[in-house]
Asks: 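Let me give you the structure first, and then I'll get to my questions.
Please read these numbers as outputs of a predicted model, since none were measured by experiment. Per chain, numbering begins at 1; letters A, B, ... match sequence-line order. Just so you know, these numbers use all the heavy atoms, side chains as well, and skip hydrogens, waters and symmetry mates.
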There are 2 protein chains.
Amino acid sequence: MSIKNFGIGALSRETGCNIETIRYYERIGLIPEPPRSNGGHRSYSHDHLRLLAFIMRSRALGFSISEIRQLLSLIGNDKTCEQVQSVTVRHLKEINRKIEELTRLRSVLESAADKCAGGIATDCPVIDILYENA
Amino acid sequence: MSIKNFGIGALSRETGCNIETIRYYERIGLIPEPPRSNGGHRSYSHDHLRLLAFIMRSRALGFSISEIRQLLSLIGNDKTCEQVQSVTVRHLKEINRKIEELTRLRSVLESAADKCAGGIATDCPVIDILYENA
DNA sequence: GCTACAATCTGTAGTCGCTACAGGTACAAG
DNA sequence: CTTGTACCTGTAGCGACTACAGATTGTAGC
């Protein structure tokens with residue numbers, strides 16, 4: 001499998017990326033169209049596999065498709081690392097923001113759920129919070 | 001404004017919920033259709049406002065629309081608090097899971113971004129991680 | 001009443017990132 | 001050749017919205 005090309009199913013299994021997602025990525029231009037067999041089947045090379053694996057790892061790290069486009073466009077530039085860091089730091093800030101928000105939400109909900117401990121009361125503290133005076 | 005009805009724009013301003021989102025919620029049955037003026041304009045009561053405020057607070061706390069439907073269906077039941085706690089605890093578990101995941105992602109990215117500190121290298125640690133041997 | 005402007009209506013389509021068919025063709029194994 | 005699997009294109013849908021376009025209604029000022 002080092003030189004030999006392979007089809008979309010094999011690529012899917014190698015990368016963990018759904019077949020339909022692969023075709024979606026091709027449609028939105030994130031990955032290039034591969035050559036086709038005489039029958040019209042896609043024929044992927046090792047480079048395609050590396051690229052898709054890159055994309056899957058980036059998605060796993062939470063980068064959006066737009067950010068991944070940016071990262072891909074940076075590769076090969078002299079300033080790669082500096083600009084990649086910029087994209088990454090921005091992404092990290094977003095992750096921090098989300099963690100803070102979720103931590104805050106957790107705090108509110110835990111506090112309310114604890115007051116539900118009895119389990120029988122007609123007046124429910126969670127509902128009371130959600131039904132704050134309006 | 002205690003007895004008087006109001007239009008969708010006023011409801012939007014009072015609740016912070018976008019006009020189009022209000023119509024969307026009505027369309028998906030999350031909120032009831034209000035009565036209309038002779039000209040066809042929606043006419044909302046204070047109860048509508050309270051309900052929508054409930055929904056907006058629930059959304060802010062990260063409950064999905066499906067979960068909000070559940071919460072709304074529980075209101076008025078003798079076992080409200082117990083079942084609300086169940087929905088809430090499930091939601092809390094999901095929040096915990098997301099926090100853990102984001103914390104892990106942050107760790108990976110921070111580690112890689114730190115190695116970018118020089119900013120000039122052609123070989124970029126972030127890109128290297130994403131382009132792990134495939 | 002008229003005019004001008006803002007508010008509101010319905011219907012449709014799009015965002016993001018997928019995911020799931022339907023109906024047809026290509027490919028591989030026996 | 002037959003059978004079963006892989007793959008194709010095109011379309012539509014998911015969740016939670018969001019954004020028009022074109023038309024009608026409502027309000028304020030003259």
Asks: With a 4.0 Å limit, can you tell me whether A:R36 has a side-chain N or O closer than that to the phosphate oxygens OP1/OP2 of C:dT25?
Replies: no
Asks: Please tell me whether A:I75 and B:L130 are part of a single hydrophobic cluster in this structure, the criterion being side-chain heavy atoms less than 4.5 Å apart.
Replies: yes
Asks: Tell me: CZ of B:F6 to P of D:dT25, nearest whole Å?
Replies: 23 Å
Asks: In whole Å, I'd like the distance from the CG atom of A:N5 to the P atom of D:dA6.
Replies: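 After rounding, the gap between these two atoms is 19 Å.
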Asks: Atom OG1 in A:T21, atom CZ in A:R23: separation rounded to 0.5 Å?
Replies: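 One finds 10.0 Å between OG1 of A:T21 and CZ of A:R23.
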Asks: What I want to check is whether the side chains of A:T88 and A:H91 have a donor and an acceptor closer together than 3.5 Å.
Replies: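 No pair is found: no donor N or O on one side chain lies under 3.5 Å from an acceptor on the other.
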Asks: Round to the nearest Å and state the distance from B:I8 atom CD1 to D:dT24 atom C1'.
Replies: 15 Å
Asks: What is the distance, rounded to the nearest whole Å, between atom CD of B:E26 and atom C1' of C:dT8?
Replies: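 Between C1' of C:dT8 and CD of B:E26: 13 Å.
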Asks: Let me see the working for A:R97 and A:E101 under salt bridge (charged side-chain N to carboxylate O under 4.0 Å, His left out), right down to the final yes or no.
Replies: CA-CA 6 Å; A:R97 194 192 59 75; A:E101 185 190 4; 3.6 Å; yes
Asks: Just the rounded figure in Å: distance from C1' of C:dC16 to CZ of A:R69.
Replies: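 Atom CZ in A:R69 sits about 12 Å away from atom C1' in C:dC16.
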Asks: Expressed as a whole number of angstroms, how long is the span from B:R13:CZ to C:dA6:P?
Replies: 14 Å
Asks: For a salt bridge (charged side-chain N to carboxylate O under 4.0 Å, His left out) check, start with the C-alpha distance between A:R90 and A:E67, then their side-chain angles and the critical distance, and finish with the verdict.
Replies: CA-CA 10 Å; A:R90 203 183 322 144; A:E67 283 166 330; 5.3 Å; no
Asks: Within this structure, what is the CD1-to-C1' distance between A:I22 and D:dT9, rounded to whole angstrom?
Replies: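 Rounded to the whole Å, the gap is 16 Å.
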Asks: So if I define the base as every atom that isn't primed, P, OP1 or OP2, how would nucleotides 10-18 of chain D read as a B/S/- string at a heavy-atom cutoff under 4.0 Å?
Replies: ------BBB
Asks: Below 4.0 angstrom from OP1 or OP2 of C:dT8, is there any side-chain N or O of B:R42?
Replies: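 No, outside the criterion.
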Asks: Rounded to whole Å, please give me the gap between CD1 in B:I19 and P in C:dA7.
Replies: 8 Å
Asks: Return the CD1 to CZ distance between A:I95 and B:R106, rounded to the nearest 0.5 Å.
Replies: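 It is 8.5 Å, given to the nearest 0.5 Å.
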